[in-house]
There are 2 protein chains.
Amino acid sequence: MVVFAAQGDPRRTMALLWRGPDAAQARPGPRPTLSVAAIIEAAVAVADAEGMAGLSMRAVGEALGRTAMALYTYVADKAELLDLMYDHVHGELVADALDDWRAGVTAWAWERWEFYLRHPWVLHVSMARPVLGPKELDSAERLLRVLRPAGLPAPVVVGVMSELTYLVQGAAAVVNDSRRAARETGQSDEEWWYARSAELIEVAPGFGERYPLLTWVQSNKEINESEPYMEQEARVSFEVGLGVLLDGIAVRAN
Amino acid sequence: MVVFAAQGDPRRTMALLWRGPDAAQARPGPRPTLSVAAIIEAAVAVADAEGMAGLSMRAVGEALGRTAMALYTYVADKAELLDLMYDHVHGELVADALDDWRAGVTAWAWERWEFYLRHPWVLHVSMARPVLGPKELDSAERLLRVLRPAGLPAPVVVGVMSELTYLVQGAAAVVNDSRRAARETGQSDEEWWYARSAELIEVAPGFGERYPLLTWVQSNKEINESEPYMEQEARVSFEVGLGVLLDGIAVRAN
DNA sequence: ACCATCTCCTTATAGCGTAAAGTGACCGGG
DNA sequence: CCCGGTCACTTTACGCTATAAGGAGATGGT
């Protein structure tokens with residue numbers, strides 16, 4: 001369900017992204033009862049609540065008391081709407097440079113973490129054809145400002161920027177997917193894991209001999225029962241991974 | 001389009017994964033003309049060629065000269081088929097420990113890179129409810145063997161393992177998505193980028209002043225015309241990111 | 001007042017996973 | 001040797017998706 005930038009009329013989409021909707025001048029025909037902004041807001045609400053799979057033109061229209069087709073007066077198609085949604089929510093991101101690049105990168109990473117948990121559908125928008133809206137570009141520029149105090153050369157900065165993004169997105173995706181799985185199947189992480197490991201032992205006897213290292217890392221985990229299993233797993237991996245990555249950056253800093 | 005493990009009868013799926021199909025004993029009724037193995041093979045071929053979005057029960061059935069419904073004699077549903085496909089292709093992965101952990105991790109990473117470019121649909125299978133098939137677990141155990149010579153404590157190993165996976169998957173996803181976009185839109189990376197940057201300049205004058213750091217990193221790129229733009233971008237980011245991460249691991253090694 | 005124009009609706013199409021029911025081939029027991 | 005139970009496979013159908021096409025009705029400029 002990865003989706004690309006609108007292909008119908010990129011110029012139109014870019015104008016909507018950068019100039020906002022055209023000023024309403026008096027014209028024949030009934031007065032519009034919706035607006036691009038209202039549609040974006042409703043669509044974000046639907047996507048936040050129902051996920052990317054639940055984001056349908058019908059659902060957005062219904063949230064606004066209209067039919068699906070009514071939306072096509074305001075946006076070219078679903079891909080354009082998604083571009084607008086994507087750039088819109090990037091306005092929530094504000095992390096900027098701190099004197100200490102390490103503190104700055106850490107703050108940036110946690111802001112992103114929260115952001116992707118708040119808007120899981122954003123992870124399903126492809127980065128292969130970036131939207132290039134103002135809010136997305138603003139947030140990219142700010143990440144570069146955050147990294148600047150480390151004094152890395154340009155090619156390394158680009159690589160590190162991508163890597164940080166992949167790390168947060170990958171870990172956040174695990175949390176999002178496990179929450180969705182728990183909701184859709186009615187089975188919590190713990191219930192799922194308990195059932196699966198029982199089956200695994202049954203069907204694969206001699207697990208400990210065949211997988212000594214998996215058994216080793218698994219047995220060395222401290223489990224906090226107050227947090228769903230996969231969420232804790234992903235969050236701790238994120239923290240550790242971020243620390244290792246920061247150490248790697250430090251090697252090349254200054 | 002992220003998909004989870006089969007939920008209908010996990011025990012059945014686990015048996016298929018670990019024991020293979022049951023031995024065929026003579027029974028009334030017409031002889032089967034298909035097999036789970038043949039269906040998996042055909043489904044992988046369809047998914048490799050058409051992507052996750054093109055993987056439909058109808059398409060797989062057609063590839064085998066049958067209807068979609070014929071498959072349901074062999075697999076419980078599409079989710080179970082996907083689990084079987086997922087574990088099956090993990091049999092292609094063979095990277096194992098080398099004396100030098102750095103060389104070992106590098107070899108592992110590039111094997112994964114090629115793997116995800118060969119099977120783009122694998123990136124759309126969620127890690128929140130792992131399949132837990134033998135081939136997937138074998139490859140996880142081997143990654144742990146690759147990392148062992150670095151002598152990291154167990155919690156760090158888990159974090160690093162996830163981080164390496166997120167890095168390869170994230171970068172490979174960009175390549176896969178850009179190839180798919182080029183195929184579906186008939187517009188190469190270069191054509192797309194050229195058109196979009198022209199629109200960007202038109203709609204956002206003063207780009208250089210508003211985005212000095214983006215302008216800086218962009219102008220410091222060497223572009224090799226023989227490789228599609230986004231692919232080169234992703235591959236170079238992957239190389240650089242991997243190097244930085246290895247440096248970070250080295251800080252904690254021994 | 002009229003008409004061009006615009007918003008919004010209804011209808012229709014092709015494709016998805018899969019439930020339900022029908023067809024006919026095959027094997028073991030009488 | 002044939003018959004009844006069983007199984008492979010097909011057809012049909014349902015509700016879901018994005019969106020093309022065309023119609024209804026409201027509005028502002030002339």
Side-chain angles (χ1 to χ4, degrees), chain A residues 1-9 12 21-36 38-39 42-43 46-47 50-83 85 121 124 184, chain B residues 1-9 21-39 42-43 46-47 50-83 85 121 124 184:
Chain A
M1 164 101 24
V2 178
V3 193
F4 297 126
Q7 302 140 18
D9 190 353
R12 206 196 99 105
D22 295 330
Q25 52 186 4
R27 274 178 302 158
R31 302 219 182 86
T33 60
L34 293 179
S35 66
V36 175
I39 290 172
V46 168
E50 310 295 335
M52 186 64 107
L55 179 71
S56 68
M57 299 300 270
R58 276 169 173 81
V60 176
E62 224 159 278
L64 293 161
R66 296 297 128 83
T67 65
M69 292 311 289
L71 307 180
Y72 287 89
T73 306
Y74 301 89
V75 296
D77 53 18
K78 191 181 174 181
E80 179 174 285
L81 173 56
L82 205 81
D83 281 356
M85 293 166 64
W121 53 273
H124 296 284
E184 288 179 6
Chain B
M1 162 100 27
V2 178
V3 193
F4 297 126
Q7 302 141 16
D9 188 352
D22 294 331
Q25 52 188 5
R27 275 179 301 157
R31 299 218 186 88
T33 61
L34 292 180
S35 67
V36 175
I39 290 172
V46 168
E50 312 294 336
M52 186 65 107
L55 178 71
S56 69
M57 299 301 272
R58 282 170 173 81
V60 175
E62 223 160 280
L64 293 161
R66 296 297 127 84
T67 65
M69 291 311 289
L71 308 180
Y72 287 88
T73 305
Y74 301 90
V75 296
D77 54 19
K78 190 182 177 182
E80 179 174 283
L81 173 55
L82 206 81
D83 282 356
M85 293 167 62
W121 52 272
H124 296 283
E184 288 179 7

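Here the structure is a predicted model, which means the values were calculated and not measured. Numbered from 1 within each chain, the chains take letters A, B, ... in sequence-line order. The figures here come from the full heavy-atom set of this structure, side chains too, leaving out hydrogens, waters and symmetry mates.
With sequence neighbours excluded, no residue forms a side-chain hydrogen bond (donor to acceptor under 3.5 Å, both in side chains) with A/Thr73. With sequence neighbours left out, B/Ala59 forms a side chain to side chain contact (heavy atoms under 4.5 Å, CB included) with B/Val46, B/Ser56. Annotation: side-chain hydrogen bond (donor to acceptor under 3.5 Å, both in side chains) contacts of A/Arg12 (sequence neighbours excluded): A/Glu80.
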Dump the intermediate steps for side-chain contact (heavy atoms from CB on, under 4.5 Å) on A/Lys78 and A/Leu71, then the final yes or no. CA-CA 9 Å; A/Lys78 191 181 174 181; A/Leu71 307 180; over 6 Å; no
Dump the intermediate steps for side-chain contact (heavy atoms from CB on, under 4.5 Å) on A/Thr33 and A/Leu64, then the final yes or no. CA-CA 10 Å; A/Thr33 60; A/Leu64 293 161; over 6 Å; no
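Summarising the geometry, atom CZ belonging to A/Arg66 is positioned 14.5 Å from atom CE belonging to A/Met57; distances are rounded to the nearest 0.5 Å. Separation of atoms CD1 (A/Ile39) and OH (A/Tyr72) is listed at 11.0 Å; rounding is to 0.5 Å. Atoms CD and CH2, from A/Glu50 and A/Trp121 in turn, are 14.0 Å apart once rounded to the nearest 0.5 Å.
Distance A/Leu34 CG to C/dC6 P: 17 Å, rounded to the nearest Å. When the C1' atom of D/dC16 is taken as reference, atom CD of A/Glu50 falls 15 Å away, rounded to whole Å. Rounded to whole Å, the distance from CE on B/Met52 to P on C/dC16 is 15 Å. Distance OH (A/Tyr74) to C1' (C/dC9): 13 Å, rounded to an integer number of Å. The separation between B/Ile39 atom CD1 and D/dA8 atom P is 11 Å, rounded to whole Å.
When atom types are taken as modelled, the side chain of A/Tyr74 and the backbone of A/Leu34 share a donor-acceptor pair closer than 3.5 angstrom.
The shortest heavy-atom contact between B/Ala47 and B/Met85 is CB-CE, 3.8 Å.
The side chain of A/Thr33 places an N or O atom within less than 4.0 Å of a non-bridging phosphate oxygen (OP1 or OP2) of C/dC8. OP1 or OP2 of C/dT5 has not a single side-chain nitrogen or oxygen of A/Arg27 nearer than 4.0 Å.
Across its full length, the helix from C/dA1-D/dT30 to C/dG30-D/dC1 shows an angle of 30° between the axes of its 5 terminal pairs at either end, rounded to 10 degrees.
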Tabulated below should be each protein N or O lying under 3.5 Å from an N or O of nucleotides 18-21 of chain D; please produce it.
from, atom 1, to, atom 2, distance (Å)
D/dA18, OP1, A/Met57, N, 3.2
D/dA18, OP1, A/Lys78, NZ, 3.2
D/dA18, OP2, A/Met57, N, 3.3
D/dA18, N7, A/Arg58, NH1, 3.3
D/dT19, OP2, A/Tyr72, OH, 2.6
D/dT19, OP2, A/Lys78, N, 3.1
D/dT19, O5', A/Tyr72, OH, 3.4

Between N or O atoms, less than 3.5 Å apart, protein on one side and nucleotides 22-25 of chain C on the other: list the pairs.
none

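As judged by a 4.0 angstrom heavy-atom cut-off over every strand, B/Ala70 is placed among the base-contacting residues.
Considering only heavy atoms from C-beta on, B/Leu81 stays 4.5 Å or farther from B/Leu55 through its side chain.
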